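Working notes, beginning with the structure itself.
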Number of protein chains: 2
Amino acid sequence: MNYSTSEEDYIKAIYRLQENQSTVGTNELAAELKTKPASITDMLKKLKAKKLLHYQPYRGFRLNEEGTKVALTIIRRHRLWEYFLSEKLKFGWNEVHDIAEELEHVGSHTLIERLDKYLGFPRFDPHGDPIPDPAGKLQVVDQIKLTELPLDVKAKVSGVTDQSANMLELLKHRHIAIGTSIVVKKKFDFDQSVEIKTDRNSPFTISEQAAKNIYVQYEPRS
Amino acid sequence: MNYSTSEEDYIKAIYRLQENQSTVGTNELAAELKTKPASITDMLKKLKAKKLLHYQPYRGFRLNEEGTKVALTIIRRHRLWEYFLSEKLKFGWNEVHDIAEELEHVGSHTLIERLDKYLGFPRFDPHGDPIPDPAGKLQVVDQIKLTELPLDVKAKVSGVTDQSANMLELLKHRHIAIGTSIVVKKKFDFDQSVEIKTDRNSPFTISEQAAKNIYVQYEPRS
DNA sequence: TTATATTTTTAGACAAAGCTAAAAATTAAT
DNA sequence: ATTAATTTTTAGCTTTGTCTAAAAATATAA
């Protein structure tokens with residue numbers, strides 16, 4: 001089945017919201033999509049007719065199996081494009097989102113599969129979020145915060161959550177990027193810092209605060 | 001200024017048609033866009049209001065300077081994506097058009113400039129059509145048909161116009177692709193064939209008919 | 001538990017883009 | 001130079017996605 005850009009945006013937003021709550025409300029979704037509640041009700045009727053969600057008027061709604069699969073397909077496209085923009089076109093982690101927001105609606109299945117292959121089947125986007133597989137399944141995340149990594153265990157940087165100028169500056173200065181090999185050498189509890197070492201630096205120290213925003217994974221990227 | 005997907009499609013189609021004729025007609029454009037004449041009239045009013053074309057009811061129309069610039073910007077996006085799909089994602093020359101038709105409407109200026117850089121500033125798309133420059137100017141084409149290439153002058157394959165299965169088979173078999181170095185050794189007028197040599201083959205002969213569909217350029221790609 | 005506040009839905013309108021059928025303008029042809 | 005044929009435009013309707021204002025349902029609270 002093929003969905004309009006609008007429908008895709010709704011599906012994606014509902015998916016995002018229902019990750020936390022069990023059921024999503026009209027006002028809430030309206031806020032998320034920066035639109036008005038009346039518009040939500042209209043679209044819900046259409047999506048229900050297309051059997052993508054459970055919905056009883058006044059009772060809230062939730063994506064069903066099919067709707068979830070569609071959502072994950074869109075998220076897959078989004079994150080693969082983010083990875084492309086960041087890795088190949090050298091956009092900053094903070095610039096990729098808006099452009100990917102447009103590219104994700106280009107529907108060709110072959111396009112996405114070839115892109116995936118071209119990129120080397122990445123498993124995480126530049127923000128560290130996992131990329132759903134072609135079947136629309138979200139892989140169990142095997143990435144952890146740098147602060148949770150046991151000492152002297154080699155891992156690879158898979159993403160960061162804090163994209164502030166400071167953080168980006170720090171990462172740039174230390175030559176930390178996605179894929180960088182990294183090891184935690186010591187943890188200094190007394191001043192909340194950790195000593196780390198990458199394959200491009202001699203050991204250095206960063207704040208635990210910063211380290212918490214760096215995600216790493218054990219295995220090499222497949 | 002920003003234009004809708006529909007507006008962009010109209011502008012591109014008008015540009016295509018007015019390359020031959022001096023002025024374009026409603027029926028003609030309707031056929032090109034597989035839509036109805038009444039829809040054309042509606043859109044023409046909008047495009048005229050946006051000062052993209054000259055248009056007198058019943059008198060035909062033609063893009064003005066601004067409209068032409070917009071058309072070339074869209075064509076630039078289209079052809080850069082075609083190049084990307086063909087060179088990087090290994091799509092066949094015949095598969096790229098439809099996907100590029102969607103990607104071309106993604107508006108980000110930075111995206112296109114970075115893509116251009118990433119691709120190495122290509123000057124021709126996989127069909128051999130020139131890629132307009134960032135200012136929306138079409139470079140004078142310095143490519144010629146293989147049959148027009150003087151003997152023993154080295155050139156590079158820049159595209160083909162015939163994408164029939166036969167032609168693709170021939171090119172594949174002879175290892176002729178975009179960028180392949182090629183020289184014409186002899187022209188056999190008596191049976192309408194030419195002997196050519198590439199950097200990957202000993203000399204061989206193909207029909208003049210086939211050679212006419214192969215475009216080459218003198219200088220190396222910039 | 002009845003009144004009040006909040007949330008959600010309905011009703012009716014609007015803009016974009018398209019269509020059909022009918023009217024108007026232009027072109028061609030006797 | 002009229003008539004006939006063709007092209008183009010207008011008028012009015014449809015769909016998608018949005019909005020505002022009003023009505024209905026649900027939740028909260030004294």
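Keep in mind that the numbers below use all heavy atoms, side chains included, and drop hydrogens, waters and symmetry copies. In this text, all values refer to a predicted model and were calculated from it rather than measured experimentally. Just so it is clear: chains get the letters A, B, ... in the order the sequence lines come, proteins before strands, and each one is counted from 1.
- Note: CG (B:Asn2) to P (C:dA16) measures 15 Å, nearest angstrom.
- Rounded to whole Å, atom P of C:dT7 lies 15 Å from atom CG of A:Leu29.
- In this structure, the side chain of A:Gln18 engages the main chain of A:Leu63 through a donor-acceptor pair within 3.5 Å.
- A:Glu208 and A:Lys145 are not joined by a salt bridge, as no carboxylate oxygen comes within less than 4.0 angstrom of a charged side-chain nitrogen.
- For the pair A:Lys50 NZ and D:dT15 P, the computed distance is 14 Å after rounding to whole Å.
- Looking at A:Arg62, its side chain never comes within 3.5 Å of a backbone N or O of A:His54 through a donor-acceptor pair.
- Out of C:dA21, D:dT7, D:dC19, the shortest distance to the side chain of A:Asp42 is found at D:dC19.
- A:Asn64 places a side-chain N or O within 3.5 Å of a backbone atom of A:Lys51 that can act as its donor or acceptor partner.
- Comparing C:dC19, D:dT9, C:dT9 against the side chain of B:Thr35 picks out C:dC19 as the nearest.
- At whole-Å resolution of the value, NZ in B:Lys34 and C1' in C:dC19 are 18 Å apart.
- When distances are taken from the side chain of B:Ser39 to each of D:dT9, D:dT18, C:dC19, the shortest belongs to C:dC19.
- Between D:dT16 and A:Ser4, no contact under 4.0 Å exists linking OP1 or OP2 to a side-chain N or O.
- Residue A:Ser6 places at least one side-chain N or O under 4.0 Å from the OP1 or OP2 atom of D:dT18.
- Place A:Pro57 and A:Glu7 on DNA chain D by their nearest nucleotides, and A:Glu7 ends up nearer the 5' end.
- Rounded to whole angstrom, the span from the CG atom of A:Leu47 across to the P atom of D:dT16 amounts to 13 Å.
- Close to D:dT18, at under 4.0 Å from its OP1 or OP2, lies a side-chain N or O of A:Tyr10.
- Stacking of A:Lys88 on the aromatic ring of A:Tyr118 is recorded, both the 6.0 Å distance cut-off and the 45° axial limit being met.
- Phosphate contact (OP1/OP2 of C:dT9, side-chain N/O of A:Thr41, threshold under 4.0 Å): present.
- Contact annotation: B:Arg59 does not reach the phosphate of D:dT9 (side-chain N/O to OP1 or OP2, under 4.0 Å).
- In terms of position along DNA chain D, the nucleotide closest to B:Ala38 lies nearer the 5' end than the nucleotide closest to the other residue of the pair B:Ala38 and A:Ala38.
- Note: A:Tyr10 and A:Phe61 fail the aromatic proximity criterion, with ring centroids not under 6.0 Å apart.
- For the OP1/OP2 pair of D:dT7 and a distance below 4.0 Å, the side-chain nitrogens and oxygens of B:Thr26 include no atom meeting the criterion.
- If you check C:dT8, C:dC19, D:dT20 against the side chain of A:Lys36, the one that comes closest is D:dT20.
- Taking atom OH on A:Tyr58 and atom P on D:dA25, their separation rounds to 6 Å, with Å as the unit.
- Look at CG on B:Leu44: it is 16 Å from P on C:dA16, rounded to the nearest Å.
- Counting non-hydrogen atoms under 4.0 angstrom, B:Tyr55 reaches the backbone sugars and phosphates but no base.
- At C:dT8, one or more side-chain N or O atoms of A:Asn27 fall inside 4.0 Å of OP1 or OP2 (strictly under the cut-off).
- For A:Lys45 and D:dT16, the NZ to P distance is 14 Å, given to the nearest whole Å.
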